[in-house]
Amino acid sequence: MTFRIEVFKGHETAPYIQKLAEMRLKEFAQFPYLYKGTLEDELPYINVYTQEPQAILVSAFQGNELVGLFSGMPLETFAPFVKSWADKMKEEGFETQKFFYAGELMIESHFRKQGLGSQLMNRLIQEAKQMGFKAMMCVTSIRSLNHPLRPKAYFDSDTIWGKYGLVKTPIVFTAPYPTHQADGTVKTEQNELACWIKQWDDIPD
């Protein structure tokens, strides 16, 4: 299947911001993130993309339907949640101004396993390199193997990030958000996130 890939930056992302929020709410409600949010909760996060000139949405279309998104922005940005991660990476000796934060790679379920993830990843890397960044980082949720909400057939996303050449570091971030509990309730708690990085050395121009 052929997809049309387009990139929107800064204020150009505005028409697609609600779609980003809707996809985030759908994707991250599931294990391992277990995020219970609302469109209102999403606004402070997603509006960063319209205000940060180097923020991008790599977008995949099938016809006129937006079926995939990969979001990203400089690690050194004004967004509070990203800034806290940058501060911790600085403490670990990383030159954070060289890093591009790869946010969410999301594809509508009926368009998965068709190579679209690789297309979005490659395009995001290409865009980040063109803007002068030397590496990328992303985060993934950390949950125990015996977590009561872990699906029996759960496929660990670590395999995916490893396939794309990212390396998991020992750095662990925390992020507070409303989280689904095993008893069916929702509680705001500190969730642990793993930090992954990829240098450009192994990526041809």
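Heads up: numbering here begins at 1 and tracks the sequence. Computed from a prediction, not measured in an experiment: that's the story for all the values here.
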Residue of the set Tyr35, Tyr177, Phe81 for which ring pair (Phe, Tyr, Trp, His ring centres under 6.0 Å) holds with Tyr45: Phe81

Are Ser59 and Glu6 linked by a side-chain donor-acceptor pair shorter than 3.5 Å? no

Which heavy atom of Ala60 sits nearest a heavy atom of Leu66, and at what distance? O-CD1, 3.4 Å

Please round to the nearest 0.5 Å and tell me the distance separating atom CG of Leu120 and atom CG of Leu69. 8.0 Å

Cluster link Ile160 to Phe111, ILVMFWY, side chain under 4.5 Å: yes

Check the angle between the aromatic planes of Tyr16 and Phe61 and answer parallel, tilted or perpendicular using the 30° and 60° thresholds. perpendicular

Enter the distance from Ser71:OG to Tyr101:OH here, rounded to the nearest 0.5 Å. 6.5 Å

Distance check, rounded to the nearest 0.5 Å: Thr13 atom OG1 versus Glu52 atom CD? 10.5 Å

Ignoring hydrogens, what is the shortest heavy-atom contact between Lys168 and Ala194? Give both atom names and the distance. CE-CB, 4.1 Å

Without hydrogens or angle criteria, can the side chains of Ser84 and Asp87 be said to hold a donor-acceptor pair below 3.5 Å? no

May I have the step-by-step check of side-chain contact (heavy atoms from CB on, under 4.5 Å) for Glu104 and Leu20, ending in yes or no? CA-CA 9 Å; Glu104 300 87 8; Leu20 172 62; 4.1 Å; yes

Flag if over 12 foreign heavy atoms under 6.0 Å of CD, Glu40: no

Provide the closest heavy-atom pair for Ala182 versus Pro148 in the form atom of the first, atom of the second, distance. CB-CG, 3.6 Å

Honestly curious: do Val186 and Leu34 fall in one hydrophobic cluster under the side-chain, below-4.5 Å linking rule? no

Evaluate the ring planes of Phe70 and Trp161, with Trp represented by its six-membered ring, and classify them as parallel (under 30°), tilted (30 to 60°) or perpendicular (over 60°). tilted

Carboxylate-amine/guanidinium contact Lys88 Glu92, below 4.0 Å: no

Here the gap from Thr185 atom OG1 to His180 atom NE2, rounded to the nearest 0.5 Å, amounts to 10.0 Å

With hydrophobic residues grouped by side-chain heavy-atom distances under 4.5 Å, do Phe155 and Tyr33 end up in a single group? no

Of all heavy-atom pairs between Leu75 and Met89, which one has the smallest distance, and what is that distance? CD2-SD, 3.6 Å

Does CD in Gln18 sit with more than 12 non-hydrogen atoms of other residues, nucleotides or ligands closer than 6.0 Å? no

Charged N to carboxylate O below 4.0 Å: is that the case for Lys134 and Glu95? no

Do side-chain atoms of Arg123 reach the backbone of Val7 as a donor and acceptor pair under 3.5 angstrom? no

Neighbour count >12 (heavy atoms, 6.0 Å) for atom NZ, Lys98: no

With Glu76, the side chain to side chain donor-acceptor pair (under 3.5 Å) member among Lys83, Gln54, Lys90: Lys90

Hey, mind stepping through Gln199 and Phe99 against side-chain contact (heavy atoms from CB on, under 4.5 Å) and telling me if it holds? CA-CA 9 Å; Gln199 309 288 335; Phe99 278 81; 4.2 Å; yes

When rounded to the nearest 0.5 Å, the distance separating CH2 of Trp200 from CD1 of Ile125 is 5.0 Å

Closest non-hydrogen atom pair, Thr96 against Ala86: CG2-O, 3.4 Å

Check for a donor-acceptor pair, side chain of Asn191 on one end and backbone N or O of Glu189 on the other, with a separation under 3.5 Å. yes

To the nearest 0.5 Å, atom CE of Met136 lies from atom CD1 of Ile197 at 11.0 Å

Same cluster (ILVMFWY, side-chain, under 4.5 Å), Trp196 and Phe133: yes

Exam field: side chain Gln51 to backbone Val48, donor-acceptor pair closer than 3.5 Å: no

Beyond-backbone contact of Tyr154 with Pro32, side-chain heavy atoms, under 4.5 angstrom: yes

Are more than 12 heavy atoms from other residues, nucleotides or ligands located less than 6.0 Å from atom NE2 of His147? yes

Given Tyr164 and Leu105, is the side-chain contact (heavy atoms from CB on, under 4.5 Å) satisfied, shown in steps? CA-CA 12 Å; Tyr164 291 138; Leu105 174 56; 4.1 Å; yes

Please name the pair of heavy atoms, one in Met137 and one in Cys195, separated by the smallest distance, quoted to 0.1 Å. CE-SG, 4.0 Å

Would you kindly confirm whether Met131 and Val58 end up in one hydrophobic cluster when ILVMFWY residues are joined by side chain heavy atoms under 4.5 Å apart? yes

Kindly determine whether Glu22 and Lys26 satisfy salt bridge (charged side-chain N to carboxylate O under 4.0 Å, His left out), including the steps that lead there. CA-CA 6 Å; Glu22 291 170 352; Lys26 180 179 178 181; over 6 Å; no

